[in-house]
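Quick notes on the structure that follows.
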Amino acid sequence: MTTQKIGPGTFVAVVGASGVGKDALIAEARRHAGPDVSLPQRHITRAPGPGENHLPRSVQEFRIASEAGHFAIEWSAHGLRYGIPIEIDDDIRDGRSVVANMSRSVLDELAARYEHLVVVRVTVSEAVRASRLRTRGREDADDMARRLHRPDPAPDYAVDAEIHNDGTIADGAAALLRVIRTTPRRTSAPARRTPAVSESPIGPGALPSAGIVHEGSTVVAGTLGRYTEVGQGSRLADVELGDYSYCDRYCDLANTTVGKFSNIASFVRIGATDHPLDRVSLHHFMYRSAKYWPDAEDDAEWFAKRSSRRTKIGHDTWIGHGAQVKPDVVVGNGAVIASGAIVTKDVPPYAIVAGVPARIIRFRQPPEIAERLERLAWWDWDHATLRERLDDFRTLNAADLLDCYEV
Ligand SMILES: Nc1ncnc2c1ncn2[C@@H]1O[C@H](COP(=O)(O)OP(=O)(O)O)[C@@H](O)[C@H]1O
Ligand SMILES: O=P(O)(O)OC[C@H]1O[C@H](OP(=O)(O)OP(=O)(O)O)[C@H](O)[C@@H]1O
C-alpha cells in the first residue's frame, strides 16, 4: 500500500553535529522569513536554558502528547525526546516551507512523509564547534564531550545544501534563507483552514499543556507557549504567545511578543502592519510583488524591516474588547487596556489606559506594590507551584501575597 506524501510545501531539515549553529541560524532566519515560511518550536524533554527557545516538556507530558498524535515526527538523542508539532503538516498542505533543526536519524522518515524534503547540513571546524559549545554553556563537561563525539547517524546521506557556518550568524542565516527561497512552496500561502487542535469555541474544560488553537485560526511563524489558547477565527503572524496567555475570538496579532498570563479579549488587533508612507505608492504590489507577476519576487527587505517593529505586551495584562495596540509599542506588566482603546504610546506597568489615543486613567496597584510584584515575577513560577498557591491568589490581596512569598 502506498501512502500519499504530504505536499505541496517543503520540509527543510537543518542538520549537523551539536554546536555547529543550527538553532542560531534558524533563530536569525525566523526574524527575516515571510509568512510563507514556518519555523515551529520543538517540544523537548529539556528544561529551559541557553540556546533554543523550545517548549520544555516532562517525560510524561511528552509521552501523553505523543500518544495523542501531537507530533509529526519525534526522536531520541542525547538522552532527550524531541517532537515536531503536528500542525506543520497543515503548513505544508498550505504550501509553506517548514524549517526545523532535525536529527540526521529521521531523514529517511521525513523523505517518506513529505513530497518535498530539502536537507541542509551546517558545518564548522571541530575546534570552533568545541569552543561554541563551551560558550553556549548549556551542557556540563561530560554531556558536552558526548555531544562532541556523537557519531553522525547518517554519514552517507546526500544533502541538498551545505552551510559552512564560519562567518557571522547573519551570514549563515542569509545562506539558509537563500536555500529556503529556492524550495518548492507557494509565496503568500493561503490561510490555514483546518483546525489545528480543537473545534470548540473558547470555553470551559481542561486545557492541554500543549495549548489549543481553535477552529478557523491561522498561526504562522510564531510560537505558542504552554497552556495557551487561540480563539476561533484569530490570526497570529510571527507572534510569541507566552505561557498561559490567550486571545479570544477574531483577534489579529502580528509581529508581537506577548508575555505570560496575558488576557486578550475578542476582536483585538495588535501590531497591525503598516504601508510605506515615503514611497510613491502605498499599495502592496511593491512588496507582495509575486502575487501580481510570476517573475517578480516579494520584497524580503521590506517585510524584514516591517516585522522588526515588534509590539511587546507584558505579563499579566488585560487587553479589552476591540482595542488596538500599534507596532513598536511596549505595554508594561500588569497593565490594562480598556475596550476600544487605541494605544499609540508605551504603557507603564500596572497602568490602566483608555480612549483614542489611549491615556492613563489610573494605576491598578500603587507604585511600591507594582514594583514589588514585578520583582516577585510570580509569572515565572512553575505549574505545580502555581497550583499550590492557587488559594492564596484567590484570597490574598497583593500586599499580603507579597509578604508571604517575597524572599
Ligand atoms: N556564526 C556564528 N558565530 C558565532 N557564534 C555562533 C555562530 N553560530 C552559532 N553560534 C553560537 O554557537 C553556539 C552553538 O550554536 P547552536 O545554534 O546552539 O548550535 P546547534 O543548534 O547546532 O547545536 C551558540 O552559543 C550560538 O550562539
Ligand atoms: O541525531 P543527530 O543528527 O546527531 O542530532 C541529534 C539531536 O541533536 C540536535 O539537538 P539539540 O538541539 O538538543 O542539540 P544541539 O543544539 O547541541 O545540536 C538535533 O536537533 C537532534 O535533535
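As the structure lists them, so they are numbered: ligands from 1, and atoms in each ligand from 1.
Less than 4.0 angstrom separates some heavy atom of Thr168 from each of these atoms of ligand 1: 1 (N). Listed by number with element, the atoms of ligand 2 under 4.0 angstrom from any heavy atom of Arg46 are 13 (O). Numbered from 1 in the order shown, with element, the atoms of ligand 1 that lie under 4.0 Å from a heavy atom of Ala24 read 9 (C), 17 (O). Interface atoms of ligand 1 facing Gly167, defined by a heavy-atom separation under 4.0 Å, are 1 (N), 2 (C), 3 (N). Counting atoms of ligand 1 from 1 in the listed order, those under 4.0 Å from a heavy atom of Ser18 are 23 (O).
Between atom 3 (N) of ligand 1 and the options His164, Glu52, Arg132, Arg138, the minimum heavy-atom separation is to Arg132.
If you look at Arg136 next to ligand 2, the close heavy atoms, those under 4.0 Å, all belong to the side chain. By the criterion of a heavy-atom distance under 4.0 Å, neither the backbone nor the side chain of Glu139 is placed next to ligand 2. With a 4.0 Å heavy-atom cut-off, ligand 2 is reached by the side chain of Pro153 but not by its N, CA, C or O. Contacts with ligand 2 closer than 4.0 Å are made by no heavy atom of Val15, backbone or side chain. Contacts between Leu25 and ligand 1, counted as non-hydrogen atom pairs separated by less than 4.0 Å, are absent for every part of the residue. Contacts between Ser103 and ligand 2, counted as non-hydrogen atom pairs separated by less than 4.0 Å, involve both the backbone and the side chain.
In this structure, Phe285 and Trp293 have perpendicular ring planes: the angle between them is above 60°, well past the 30° mark. Ring planes of Trp75 and Tyr82: parallel class, angle under 30° (limits at 30 and 60°). Taking the six-membered ring for Trp and thresholds of 30 and 60 degrees, Trp302 and Tyr287 have ring planes inclined between 30 and 60 degrees apart. Ring pair His383/Tyr227 is parallel by interplanar angle, where below 30° counts as parallel and above 60° as perpendicular. Classification of the Tyr405-Trp381 ring pair by plane angle, with boundaries at 30° and 60°, yields perpendicular.
When only interatomic distances are considered, the shortest N/O to N/O separation between Trp75 and ligand 2 falls below 3.5 Å. The shortest N or O to N or O distance between Thr135 and ligand 1 is not below 3.5 Å. Where the criterion is an N or O separation shorter than 3.5 Å, residue side chain and backbone included, Tyr82 meets it with respect to ligand 2.
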